[in-house]
Amino acid sequence: YRSHNNVDKKEARRVAVEMLEKVGINDPERRVRAYPHELSGGMAQRTLIAIALSSSPKLLVADDPTSGVDVTIQAQILDEIWELAEQTGSATLMVTWDLGIVANYCERLAVMYAGEIVEHADVRTFLASPLHPYSKSLLGLTRSDGSEWMRSGSVDPRHLPPGCKGHPFCQVSRSECRTTAPALREVEPGRYVRCHMEFRGRG
């Protein structure tokens, strides 16, 4: 805290105790003196959240914040991130594979494939009707013939194919997908898709 704020040790300790209390650490006066190995996994996660938000950052990047944490306290940790971000005025960027987390805690969503955003939309709109073939595969959707939109598999980032990076696994790809990289384009107000397919309305 002192590396980001011009305060003395006494004030930094007061803030540390206050933040530990906000994230639900019992007996924060004692825990503030604890070593990492003396904390449970859940307490360690809460402590990191407190550290990250102590200086009221404009943006908090939470990369899989509940990884390795018992499922019974995952919701508690996510609620704490949400509440503290609201209190401190921080925007939060959540990186996760869990679409349940996205549905419950996020306003907008960006789906990435091979290092590129392939769809960017409002969460509710996306979950109701994803457009990109990879997005459809994430939600387990199938085509009318029963096949998946994209087969399981991923490209080697060291040897990316020409054209669309997902075309080797996409069952709706066509000739231009194999030669020309699609641009991320706005297909509806506030909704963007990186694909050569034409989208009319939602879906």
Side-chain angles (χ1 to χ4, degrees), residues 19-20 22-25 41-142 148-150 152 154-155 157 164-166 169-170 182-195 197 199-203:
M19 291 301 294
L20 289 178
K22 282 184 176 181
V23 295
I25 299 291
M43 291 173 67
Q45 290 283 71
R46 287 185 166 94
T47 300
L48 287 172
I49 293 168
I51 291 170
L53 291 169
S54 63
S55 295
S56 301
K58 291 182 179 179
L59 174 65
L60 172 68
V61 180
D63 188 350
D64 215 357
T66 57
S67 176
V69 177
D70 190 286
V71 68
T72 58
I73 61 172
Q74 285 184 2
Q76 295 176 29
I77 290 173
L78 291 166
D79 285 345
E80 286 156 9
I81 291 175
W82 178 276
E83 290 168 9
L84 280 175
E86 287 282 303
Q87 292 174 24
T88 59
S90 300
T92 303
L93 174 63
M94 191 84 69
V95 183
T96 181
W97 280 94
D98 191 332
L99 289 176
I101 290 176
V102 172
N104 286 301
Y105 294 94
C106 300
E107 296 176 1
R108 294 192 63 81
L109 166 146
V111 176
M112 295 191 73
Y113 181 83
E116 290 184 336
I117 292 176
V118 295
E119 185 163 354
H120 180 207
D122 169 84
V123 167
R124 289 186 179 181
T125 301
F126 172 85
L127 292 175
S129 180
L131 296 181
H132 193 277
Y134 180 63
S135 301
K136 291 175 181 287
S137 69
L138 286 179
L139 290 176
L141 299 181
T142 58
E148 295 180 355
W149 286 93
M150 287 187 74
S152 60
S154 59
V155 294
C164 175
K165 293 179 180 179
F169 303 100
C170 182
L184 185 67
R185 57 195 172 90
E186 189 172 24
V187 297
E188 296 176 8
R191 187 169 197 179
Y192 302 83
V193 181
R194 188 185 303 277
C195 187
M197 292 176 63
F199 301 100
R200 295 180 178 85
R202 295 183 178 178

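The structure displayed is predicted, hence computed values, not measured ones.
- No side-chain heavy atom of Trp82 sits under 4.5 Å from any side-chain heavy atom of Thr92.
- Here the closest heavy-atom approach between residue Pro65 and residue Val95 is recorded as CD-O, 4.3 Å.
- By the 6.0 Å contact criterion, CZ on Arg185 is enclosed, its count of non-hydrogen atoms from other residues, nucleotides or ligands being greater than 12.
- Between Val118 and Cys195, every side-chain heavy-atom pair lies at or beyond the 4.5 Å cut-off.
- Within the structure, salt bridge (charged side-chain N to carboxylate O under 4.0 Å, His left out) contacts touching residues 73-83 (residues at least two apart or in different chains) are Arg46-Glu80.
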I'd like to know whether Ile117 forms a side-chain contact (heavy atoms from CB on, under 4.5 Å) with Tyr192, so could you lay out the CA-CA distance, the side-chain angles of the two residues, the decisive distance to 0.1 Å, and finally the verdict. CA-CA 9 Å; Ile117 292 176; Tyr192 302 83; over 6 Å; no

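- In this structure, CG on Leu78 lies 4.5 Å from OH on Tyr105, to the nearest 0.5 angstrom.
- Using a distance-only test at 3.5 Å, with no hydrogens or angles considered, a donor-acceptor pair links the side chain of Thr88 to the main chain of Leu84.
- Tested against Leu60, the residues Leu53, Leu93, Ile49 include a single side chain to side chain contact (heavy atoms under 4.5 Å, CB included) partner, Leu53.
- A side-chain donor-acceptor contact under 3.5 Å links Lys136 to the backbone of Pro130.
- Taking Phe126 as the reference, nothing meets the ring-ring contact (aromatic ring centres under 6.0 Å, His included) condition, with sequence neighbours excluded.
- Residue pairs meeting the salt bridge (charged side-chain N to carboxylate O under 4.0 Å, His left out) criterion with at least one partner in residues 99-122, sequence neighbours excluded, are Glu116-Lys165, Glu116-Arg194, Glu119-Arg191.
- Once rounded to the nearest 0.5 Å, the distance linking CE of Met94 with CD1 of Ile101 reads 6.5 Å.
- Scanning for ring-ring contact (aromatic ring centres under 6.0 Å, His included) contacts around Tyr134 gives Tyr113, with sequence neighbours left out.
- Annotation: side chain of His132 is not in contact with side chain of Val111 (no heavy-atom distance under 4.5 Å).
- For the salt bridge (charged side-chain N to carboxylate O under 4.0 Å, His left out) condition, no pair includes a residue of residues 47-65, sequence neighbours left out.
- For the pair Leu131 and Phe199, the tightest heavy-atom approach, listed with the atom from each and the gap, is O-CE2, 3.4 Å.
- Leu109 is listed as a side-chain neighbour of Leu99, based on a closest heavy-atom distance under 4.5 Å.
- For residues 92-104, there are no salt bridge (charged side-chain N to carboxylate O under 4.0 Å, His left out) pairs, not counting sequence neighbours.
- One distance of note links CG of Leu138 with CH2 of Trp149; it measures 14.0 Å at 0.5 Å rounding.
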Might you work through the side-chain contact (heavy atoms from CB on, under 4.5 Å) test for Met43 and Ile25, ending with a clear yes or no? CA-CA 7 Å; Met43 291 173 67; Ile25 299 291; 4.0 Å; yes

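- The minimum heavy-atom distance between Ser54 and Ile51, with the atom names listed, is OG-O, 2.9 Å.
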